[in-house]
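To start, the structure itself, in structure tokens.
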There are 2 protein chains.
Amino acid sequence: MSFDYRIIDDVIHSRVRLAIMSYLATAHSAEFVELKKALKVSDGNLSTHLKKLEDTGYVIVSKQFVDNKPLTRIEISREGETAFRTYVDGLAAMLGPATNTKKT
Amino acid sequence: MSFDYRIIDDVIHSRVRLAIMSYLATAHSAEFVELKKALKVSDGNLSTHLKKLEDTGYVIVSKQFVDNKPLTRIEISREGETAFRTYVDGLAAMLGPATNTKKT
DNA sequence: GTTAGTACTTTGTAATACAAAGTACTTTGC
DNA sequence: GCAAAGTACTTTGTATTACAAAGTACTAAC
């Protein structure tokens, strides 16, 4: 139970980026449009958040053309997976007892 | 498992405010200095975040003088408790499988 | 062949996070 | 007894952020 707010990684902590990382934590990879729909985020917003994650090295972004249309694939990196796990653990430590997830 | 990033309450989601709410979720109330030490946050930063929580109605702040020194007591409100619970549930829904907290 | 759509990126701006500086005291040296 | 240092905050300044609107580069439809 640590309440030091600095234990939580603010690259991951942003709402949109947390949603991206959560999605990728299970899916491992996704397409731009797929994420956009799942997270209900505007494309501009998604784009900037992806860039931040890419710059930090938490995701790997690869662009190609399929049927003459751009197709962006986003993959979580090793570093990203580790960071995400650390983030979740830190969060659990902060939330404390409230973490006991109730299964519906 | 919802990845819609808007389900998470951004009043609570800020790192410092999440730490405050987590602290108060178990302690129910705390003093300014107590929070400052527990969260390792600068006083200016704590002050502004508390104001936001107070404005939103998630905490109740009461100021008094004890031994001629100001003493600020922060208490979580009913609304705050509900919002926090909703926040944690939303977070769990987003994090998905990663939520299964491992007990050290 | 203009109009609409897809898949993005860049840009503009309002809001945020944070610490430094400020306020109002009180206690401690000397 | 009064300057200097401390306590408990609040206000202010600024760099960063979050977000959508506008822009780019195409293709498909009418």
Side-chain angles (χ1 to χ4, degrees), chain A residues 3-23 29-56 58-75 87 90 94, chain B residues 3-23 29-56 58-75 87 90 94:
Chain A
F3 295 106
D4 184 342
Y5 81 102
R6 298 165 306 178
I7 64 168
I8 77 138
D9 183 342
D10 56 0
V11 171
I12 295 181
H13 192 63
S14 140
R15 281 148 88 219
V16 172
R17 290 196 298 270
L18 179 58
I20 295 170
M21 294 299 283
S22 297
Y23 191 96
S29 89
E31 292 169 17
F32 187 92
V33 175
E34 181 187 352
L35 276 179
K36 182 169 125 86
K37 278 178 189 158
L39 314 197
K40 296 207 174 71
V41 65
S42 70
D43 34 16
N45 201 9
L46 178 56
S47 186
T48 48
H49 282 297
L50 280 176
K51 188 141 85 181
K52 176 111 184 203
L53 285 173
E54 191 185 12
D55 290 348
T56 311
Y58 288 175
V59 301
I60 296 145
V61 177
S62 44
K63 290 146 205 267
Q64 51 173 321
F65 275 81
V66 174
D67 297 332
N68 293 320
K69 282 177 190 171
L71 207 180
T72 301
R73 177 149 289 275
I74 303 109
E75 202 189 335
Y87 171 85
M94 180 171 288
Chain B
F3 295 106
D4 184 343
Y5 81 102
R6 297 165 306 177
I7 64 168
I8 78 136
D9 183 342
D10 56 0
V11 171
I12 295 182
H13 192 63
S14 141
R15 280 149 89 220
V16 172
R17 289 196 298 270
L18 179 58
I20 296 169
M21 293 299 283
S22 296
Y23 191 97
S29 89
E31 290 169 18
F32 187 92
V33 175
E34 181 187 352
L35 276 179
K36 181 169 126 88
K37 278 178 187 157
L39 314 197
K40 297 206 174 69
V41 65
S42 70
D43 35 16
N45 202 9
L46 178 56
S47 187
T48 48
H49 282 296
L50 281 176
K51 189 141 83 178
K52 176 110 184 202
L53 286 173
E54 191 185 12
D55 289 349
T56 312
Y58 288 176
V59 302
I60 297 146
V61 177
S62 44
K63 291 145 204 266
Q64 51 173 321
F65 275 81
V66 174
D67 296 332
N68 293 321
K69 283 177 189 172
L71 207 180
T72 301
R73 177 148 288 274
I74 303 108
E75 202 189 336
Y87 171 85
M94 179 171 288

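Residue numbers start from 1 in every chain, and the chains themselves are labelled A, B, ... in the order their sequence lines are given, proteins ahead of strands.
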note: B:Leu53, atom CG; C:dA17, atom P; distance rounded to Å ~ 10 Å
Taken in chain and number order and not counting sequence neighbours, the residues that satisfy side chain to side chain donor-acceptor pair (under 3.5 Å) with B:Glu34 are B:Tyr23
dist A:Tyr58:OH -> A:Ile12:CD1 (nearest 0.5 Å) comes out at 5.0 Å
Sorted by position of nearest nucleotide on DNA chain C, 5' first, the leading residue of A:Thr72 and A:Tyr5 is A:Thr72
Side chain to side chain donor-acceptor pair (under 3.5 Å) filter on B:Arg73, not counting sequence neighbours, yields B:Ser29, B:Glu31
To the nearest 0.5 Å, atom CD1 of B:Ile74 lies from atom CE of B:Met21 at 12.0 Å
Within residues 29-51 of chain A, the residues having a heavy atom closer than 4.0 Å to DNA chain C are A:Phe32, A:Val33, A:Asp43, A:Gly44, A:Ser47, A:Thr48, A:Lys51
Chain A reaches DNA chain D, atoms under 4.0 Å from its heavy atoms, from D:dT17 to D:dT27
Would you check, one step at a time, whether the test side chain to side chain contact (heavy atoms under 4.5 Å, CB included) holds for A:Ile20 with A:Leu46? CA-CA 9 Å; A:Ile20 295 170; A:Leu46 178 56; 3.8 Å; yes
Sorted by chain and residue number, the salt bridge (charged side-chain N to carboxylate O under 4.0 Å, His left out) partners of B:Glu54 (sequence neighbours excluded) come out as none
Residue set satisfying ring-ring contact (aromatic ring centres under 6.0 Å, His included) with A:Tyr5, at least two apart, ordered chain then number -> none
Residues at least two apart in sequence or cross-chain that pass ring-ring contact (aromatic ring centres under 6.0 Å, His included) with B:Phe32, listed by chain then number, are none
When rounded to the nearest 0.5 Å, the distance separating CG of B:Asp55 from CG of B:Leu53 is 9.0 Å
Per the under-4.0 Å heavy-atom filter, residues of residues 8-21 of chain B near DNA chain C come out as B:Ser14, B:Arg15, B:Val16, B:Arg17
Residue pairs meeting side chain to side chain donor-acceptor pair (under 3.5 Å), one or both in residues 39-50 of chain A, sequence neighbours left out, come to A:Arg17-A:His49, A:Asn45-A:His49
